[in-house]
Every structure is written in C-alpha cells, then in structure tokens.
Peer 1: 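I'd like to ask some things about the structure below.
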Amino acid sequence: MEYNPSDIEKKWQDFWDKHSSFEPQENFEKEKKYILSMFPFPSGRLHMGHVRNYSIGDAFARHYRQQGYNVLHPIGWDSFGMPAENAAIKNGAHPKKWTYENIDYMRKELVTLGLSFSKEREFATSDELYTKFEQGFIIDMFEKGLLYRKRGFLNWCPHDKTVLANEQVIDGHCWRCDTEVVQKEMYQYYLKISDYADELLEDLSKLQDGWPKQVITMQENWIGKSSGLEFDLFFDESSKEKLSNAFESFDVFTTRADTIYGVTYTALAPEHEIVSYMIENRLLDDETILAIKAMKNANSIDRQKEKSGVALNISVVHPLTGKSIPVWVANFVLMDYGSGAVMAVPAHDERDYEFAGKYGLSITPVIKPFNGELPEESAFTEVGELFNSESFDGLRSDDAKRAVIEHFESENIGKRVINFKLKDWGVSRQRYWGAPMPFVHCENCGIVSEEKKNLPIALPEDIEITGEGNPLEAHPTWKYCKCPKCARDAVRETDTMDTFVQSSWYFLRYTASKEVQQKMGFDAKELEYWMGVDHYIGGIEHAILHLLYARFFTKVMRDLGYINIDEPFDRLLTQGMVLKDGSKMSKSKGNTVDPDALIQKYGADTARVFILFAAPPTQELEWNDSAVEGAFRFLKRFNDRSSNVLTCKSIPQIQHDTLSKEEKHARKKVYEALKRSFEVYEERYTFNTMIAGVMEAMNALNEQKNADVWTEGYWILLSIMEPIAPHLCWELSERYFTCNNLSRQEIKEEVFVVDSIDMAVSVNGKKRSEIQVGVDDDKETIIALAKEAVSKWIEDKEIVKEIVVPKKLVNIVIKG
RNA sequence: GCCAGUAUGGUGAAAUUGGUAGACACGUCGGAUUCAAAAUCCGAUGCAGCGAUGCGUGCCGGUUCGAGUCCGGCUACUGGUACCA
C-alpha cells in the first residue's frame, strides 16, 4: 500500500481523540511517569524549537505507555507576558483576544503533530482560575515575610513614562521613541530567594544523577557562594570633614583577605549611598558627576567590559598599616553584591590590575610564587607565599586567608561572612498583561493583602495599550477599592507579576484532576503520586532563571505546607537550540521556519523523524531543508517493505540456529536496535542513534528473504518507532498485528551469541590489518595470528611490547 | 567582561569506559528501470596519489604502547547574564 501520510495521520488523530487515548488514569496503584515538556508562550504559531521539544517529550510519553506505566503528559500555555502587549502596540489587538486566538491556533498545530497530550489538564496561565490560586500563594508568601518591597533600579523611558525591559533598550535608547533611557529608582516587590540560597545550592547534589552537569555548574556559579572578610574602612579626618561628618566609614567585602597588605585603592559602586550623597551635596565637579551617571545608565554587561572609574578625592585609612588609601568609583563594582564596595589589590586581582593600569594607581605585590618570579604584565592570582605583610610574611596565601580573618575578628575590626551572588527575585512589573499583585495600598494600614475570598483580582478588559505609562494605573476605576482591613477607601496595587511566577508552579497544577481543578490549585494526594517530574524537557536557555525559580518556588510551597517534596524535576533534558543562519530561532528575531508547511508537505511523522534524527537532542540543530526529504523516504521505505510481513497476533517463534548467516545478522540488528532504544530512554537520550539503529536493522532485513524474520523484525521495529512516528506505526501495527505489538518487547539474548570475533591489528598504534579469532582463543594464539597478519611491518624490527585488548585489537610496539 | 557549552568528510552526524575515526543519513557520481522524466532499486563516495602509501577529528603543545576522547594554552561560534520567554 502506498504511503499517504495525510490520510493515516488524520485517521489516527481522530482515533486517539475519540478514545481519549492519552488521559492519565486515576489508578494510583500503578507505577507512574510524569513526562513534561516546557510549555510554550502562545506567540501565534509553533516554531521548530517547539516541534523539537514536544517530539522529544512525546517520545518519552509514548515509550513509557508502551512499557505499561500510567503516564501524565500535559500541555498548557505560558500566556502572560510582554509580546501580547507588543502586539497590542503594533496592531491594536487586545492582549487577551490576541493570546486566546493564538492558543486556539497553536492547539490545532499540536494535534496535527500527533502529540499525545492530556486534554483535560490543559490550561493557560492567564486563565482567571490560575491567577486565583497563584494570588493565594503570593499572599501566603507575603504573610510569611517572603515577599517584601524595596527600592530598585529600573530602565525608564522619560518620554513614554514607562519601564522598559532590557530587550526594549537598544544601545541605551528606548525601542519605540529612541529617547535616552535612564535608571530610575522605584519600589518593587521581591521574593526572598536569598533565604533559600544555601538550600538551592546544597540540593543540587540531589540532582546530580538526573540533571546535566553543565546546568548544575551554571546554577552553582549563579548562586555564587563565597566566604570572606567583611570590614569597615574609616575615612581620614579631612575626608570626614569634606563629607560633613555624614559618614564615618563604609563596609567592604573580600574573598582575598590574604592580600590585605596589597590594598592600594578602594572602589565604590556608582549607586553607593556615599556617592549619591556627594553628588547631591555638590562635592564633585560636573565632569565627575556625568561620568558616574554614565556608569549607572550603562547596562550590566557593558559595565563589566570596559572598565572605567573616577576618583572621589577622599581617602580612607588602611586598617592594619594606617596608610592612606584613595576612594574611587568603579563601574564594575556592583551595588547588589556584598556591600557595593571593594578593597582593590591590583597586584593580585585581574580587574583591579586593569583598572590600576588605566588610571595610574600604584601596585603593591604581597604574594609571590613559591618558585619563580612575579609576572610583570599581569596580576598574580594563584596561591603563593606572603611578603610585605608584616607578621603574616611567609604564610601560604590560603593559610593567610584564615589568619588574617582571625586577626580582624580578635581585634574586633572585621568578621568572616558568607556572601551569595544570588539576588532576591524582583517579581513586580509595571505592565498590563500579567497577574495582578493581590495587594491594596491603604493610607491607614499600609500595604494590605487582599482577602482570599475576593480572589482572583482579575484584569479589567477595557484598557488602552499605547506603550506609554502603565495601563492599569491609567484605568479610570479599576484601582479604586476598599481596604480589606479597615474598609476605608484604598487603592489597588497596579503592578503585575513576572511571568516566571506562573512558570514556577504550572507543573504542580497539572497534577490536578478534573474533579479538583475548580476547587483548588492541586490536591495533596494527586500531587504526591505524580510529583516529581520524571523527565523534564526544555531549552538550555532556561538553565538558570526558570529552573532556579521553579526549584525555589517548590521549596517555598513545601514550607507553606502545600507539598512535601524538595525538588520538582528528577531528570532534566536540556535540548539545544534550533538555529537558522547560525542564530537562535525565536519570535524576537523573526527567523523562524514554519512547521505547518513541513507537515502539510511530508506529514507529522516525517517532521518528527527528521528533527530527532538530525542531531542528538542536547546539541544545537542547524536547520537544513534538504535533509527532511531523507526522513520522508525512510518512512516510505518502511511502509513499502512491510509487504514482506505476515499477519499475526503474537511474535513469531524462530529457531535461531537453523537460520542462514544473513537471517541471523538481520535478527541481531533488530534486537540491537531494541537494546539501544532502552538505553536511549533511560540514560542517553540520543534518539538519532536509536533511529540509525532501526535503519541498520531495516537494511539488514532487506538482505534476507525469511518471512518470519521479516515479521519478527517489524513486530519489534514498529514498537521502537511508534514513539517517533506514531501515525505510520499504528497504521502498520493495526494492519499486520492488530496493534498487539505496541507494548513492552523482550530482548532475545540468543541472537547475540557469536563464534568468531574480528580484531584490529595495529603497529605502534597505527592500524595495519584485521584478524578473525575464535571466542575462546587465548592471548598467545591471538598474538601469533596478529604477527602473521602484519609480518610486512614488523620483520627485522625489535618487538618491544604486545598489547591485547580483548575483543577489540592487538597493538604490536616496535623499535625504530 | 563573567558563567556554561560547541568545533569530526561537500552536509547533518556516529564512535557509550583512552582502543579499528567517519556508523546511519543528506548530497554528489555511476548503473538498472523508463520513449523520456519523476519515483524506485543497485553500486561508489574522508583528502591526496595510477598505485604502494601518506595525511586527516578548529589551532599550538603535552601525557600514553595507543588521544576525537585526558591535561595545559589559544581561536571562532552559541546560550545565559537577573524586566524576552
């Protein structure tokens, strides 16, 4: 029969829909698998990154269904966020209408891909029901003191009177009106992720077996725990006077206490309160003030690139030597790390060295290498021996760190502290299309959380989005309300939540069955059964922020008493980006390839086979139109050659030892493919090699004519391929096996038994020949055979060594 | 800048633990079939060389009997960098 993807794909999509084939079962006795692909933002159309993500996830889900598990494989929509507002600005579309129309379209696209998602668990994070439960959690966090307000700096466009996301700032200017962007200090809501820094770091060890090493390393570095010395630097008398005695000293933090005698200057962040004081009180000249403002307004990446600074013409006193140290402002000193001030030791820190070189500041080495000289053109940052350091001279720098901190502590002039790079999570946004922060500003009571019975606090729909100001702030009536505490007139919070808040608990929400969905966010029993997620699949670009926030949120939910797990994702597969023309395919770059056209031309099975075959999932995938054809031809061949298969209801029993060489080889290839498929799902995730194995088996089957071998081969191969190309496999499986083979298949070890082995023979590590040896041949026999095979290369040469690697190779080492 | 990756034929890639580099495909070339073409099937295909053989996993160096794999130093590209999601 001809391969006609559009017919069979429609047939099976209808069949699955009619039979609700992919709903999880309520049977909690059964072993479960929770397979989750990261949910999409409904940008309008699926892109290839989605196709890749969901093809991988669907392969897991279908595989584990075949293995007999109760599988939860849900999908939903990460539907709040900036692009909906951008669309409103551009086309005048209402964010809600735009979003839900996109969802309707994309849902159909998912169906045409044949993805085995549960239907009853689907939701969008912009659904009021979702907002309702989320606002409840946020109130709990606020009441527990995990949510607080403080001032923070935001990109501000003075013309549009609006806050800009980093991506909306282009070369320091507003994306819409090109006005120069300034940093404005405003009150923001923050979640205290820093309270969980230690646990987030420690629990990474629990994820070691299930998560990629690189993600764990990135998270470790992001959390950035370091131990060091914190101490005060006191101003000298004239500087104090200059500052009108408003400040006596400031805090600095260093991880290199051993270099304390090498301090030659000290640097403050441009946002430091002393700097602000000096600007406000006109203690600096105009040029200096402009330079500092420029530092503040530069983005965080540029600030770390080209170092710049200005002297404040004030000085502090070195705590041990009493020497005078000039105070500078430096762009690379960050206000939200440590205390926003550093002691600078140019001799032993790269950044300090570069800065000192640029501004002609003095460099005093205090650590020298154990052997050899100090480098002349760079900082010496390795472990060495102290000198120029009074009583600490001669200590190793790592011992000196301890000794110096102890000295500071005993003199009561400093202390050991632990610092984290991890900053608290700013969760408020001055935007419309997000979940409103459920708080009320009352003149009497301050900030008051809304009563849970009034949730959700839903968005008004009659708004205008122009890109200027905050639409909720501008709405004529929405924000006016009564204080939940004192009932007086009050004003609603107009900030909405970061969309990372929604994606931090959506995986919990999926565990809610239909019966509980209206009543609560999730049910404890259901959650206990389904969590944690067995395989979480998503882009590597989420390695830090989303995954860290989701881990944090899970721990907070635990401490609020909602759940009792520590980590949400047992195993993580980070897929590589789908690239086109060398860069990420994304809605913001507009370099997407449309999957619909691909499906229309070749069918979903081809799209899925291609995308899984083209590269291992963790690697980047550069788009290549021409390779799709090959995937299609493979499926066509797979379909055509099924004409060799006999109809049956169970796997044929075959006497292996009666078979010809080609028949034996074909069976071996088939079971090798099966073996590999198990490895792929459990450990390796390399679907490309799994498909290659199936292709090899197909090629081997084609070398022989035994109908039973063909039939057994298809029985197994259809089972392996079903998670990848489900429509064709169900079709063939129905035709020949009444679908009886779409289940767990057993490996038959007899096919792997061999009586001879091919070994390579190399001379000095260079392959020169091959030999065939018996399974039980001893080392001497093998070496003798090998020497004969390479006699040409070794005659008249002195043999130094003979190495035999069993079942692999023989290496003869000769002299000269 | 900082953190994390990646680099193998004309192309996508394979080589699971240091042990036969290039499996499986794409493409190209040749053949069969066809009035012809498409589709399909069969065969060849790392580079250089008629060949023997030599060279070959981004670059430079090292460890080892043996390195795509381990170590040191570079280069290029990609992701993240806290308001893109």
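In what follows, every heavy atom counts, from backbone to side chain, and hydrogens, waters and symmetry copies are set aside. Naming: A, B, ... by sequence-line order, numbering from 1 per chain.
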Peer 1: Check the pair A/E354, A/R351 against salt bridge (Lys or Arg N to Asp or Glu O under 4.0 Å), reporting the backbone distance first and the verdict last.
Peer 2: CA-CA 5 Å; A/E354 199 187 321; A/R351 288 189 302 187; over 6 Å; no
Peer 1: Please classify the nucleic acid contact of A/H546 as base, sugar-phosphate, or nothing, using heavy-atom distances under 4.0 Å.
Peer 2: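 No contact at all - A/H546 keeps every heavy atom at 4.0 Å or more from the nucleic acid.
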Peer 1: Under 4.0 angstrom, heavy atoms only, what part of the nucleic acid is A/A543 near: base, sugar-phosphate, or nothing?
Peer 2: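 The answer is nothing, as A/A543 stays clear of every strand by at least 4.0 Å.
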Peer 1: With sequence neighbours left out, write down each residue that passes ring-ring contact (aromatic ring centres under 6.0 Å, His included) with A/W425, or none if nothing qualifies.
Peer 2: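 A/W425 satisfies ring-ring contact (aromatic ring centres under 6.0 Å, His included) with A/Y549 only.
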Peer 1: Does the ring centre of A/W505 sit less than 6.0 Å away from the ring centre of A/Y130?
Peer 2: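 When the ring centroids of A/Y130 and A/W505 are compared, they turn out to be within the sub-6.0 Å range.
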Peer 1: Side chain of A/P616 only, please: which of B/C83, B/G5, B/A14 is the nearest?
Peer 2: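 Of the candidates, B/A14 comes closest.
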Peer 1: Which nucleotide in the set B/C65, B/A82, B/A85 lies at the smallest distance from any side-chain heavy atom of A/V813?
Peer 2: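 Looking only at heavy atoms from C-beta outward on A/V813, the closest nucleotide is B/C65.
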Peer 1: Could I get a table of every N or O pair under 3.5 Å where one atom is in the protein and the other is in nucleotides 21-27 of chain B?
Peer 2:
from: B/A23; atom 1: O2'; to: A/E696; atom 2: OE2; distance (Å): 3.3
from: B/A25; atom 1: OP1; to: A/N699; atom 2: ND2; distance (Å): 2.8
from: B/C26; atom 1: OP1; to: A/R633; atom 2: NH2; distance (Å): 3.0
from: B/G27; atom 1: OP2; to: A/R633; atom 2: NH2; distance (Å): 2.9

Peer 1: With a non-hydrogen cut-off below 4.0 angstrom, is A/F500 in contact with a base, only sugar-phosphate, or nothing?
Peer 2: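 Base: the residue A/F500, judged by heavy atoms under 4.0 Å, touches a nucleobase.
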Peer 1: For a quick check, tell me whether the side chain of A/E679 and the base of B/U16 share a donor-acceptor pair closer than 3.5 Å.
Peer 2: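 When only heavy-atom distances are counted, A/E679 does reach the base of B/U16 through a donor-acceptor pair under 3.5 Å.
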Peer 1: Under a 3.5 Å distance rule, please check whether A/N644 uses its side chain to pair with a backbone N or O of A/R641 as donor and acceptor.
Peer 2: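 Side chain of A/N644 to backbone of A/R641: a pair is present.
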Peer 1: If you check the A/M82 side chain, which of B/C84, B/G1, B/G19 turns out closest?
Peer 2: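 Selected nucleotide (nearest to the side chain): B/C84.
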Peer 1: Taking any heavy-atom pair under 4.0 Å as a contact, classify A/V163: base, sugar-phosphate, or nothing.
Peer 2: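 Base contact.
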Peer 1: Flag the pair A/F610 / A/Y602 as yes when their ring centroid distance falls below 6.0 Å, and as no otherwise.
Peer 2: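 No, too far apart.
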Peer 1: Dump the pairs, protein N or O against N or O of nucleotides 44-53 of chain B, anything under 3.5 Å, distances to one decimal.
Peer 2:
from: B/U53; atom 1: OP1; to: A/K792; atom 2: NZ; distance (Å): 2.8

Peer 1: Using salt bridge (Lys or Arg N to Asp or Glu O under 4.0 Å) as the criterion, list what pairs up with A/R676, not counting sequence neighbours.
Peer 2: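 Checked A/R676 against salt bridge (Lys or Arg N to Asp or Glu O under 4.0 Å); zero matches.
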Peer 1: Quick one: side-chain hydrogen bond (donor to acceptor under 3.5 Å, both in side chains) partners of A/K808, sequence neighbours excluded?
Peer 2: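 Once residues adjacent in sequence are excluded, A/K808 has no partner under the side-chain hydrogen bond (donor to acceptor under 3.5 Å, both in side chains) criterion.
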Peer 1: According to the Watson-Crick and G-U wobble definition with distances under 3.5 Å, which dot-bracket string, read 5' to 3', encodes RNA chain B, using [ ] for crossing pairs and | for pairs with another strand?
Peer 2: (((((((..(((......[....)))((((((.......))))))(((....)))..(((((..]....))))))))))))....
Peer 1: Just N and O in the side chain of A/N702: are any of them under 4.0 Å from OP1 or OP2 of B/C42?
Peer 2: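 Looking at the OP1 and OP2 atoms of B/C42, one of them is under 4.0 Å from a side-chain N or O of A/N702.
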Peer 1: Given B/C83, B/U16, B/A13, which nucleotide is nearest the side-chain atoms of A/R429?
Peer 2: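 Closest of the options to the side chain of A/R429: B/C83.
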Peer 1: Between the main-chain N or O of A/V333 and the side-chain N or O of A/R303, is there a donor-acceptor pair closer than 3.5 Å?
Peer 2: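 Here the side-chain-to-backbone pair exists.
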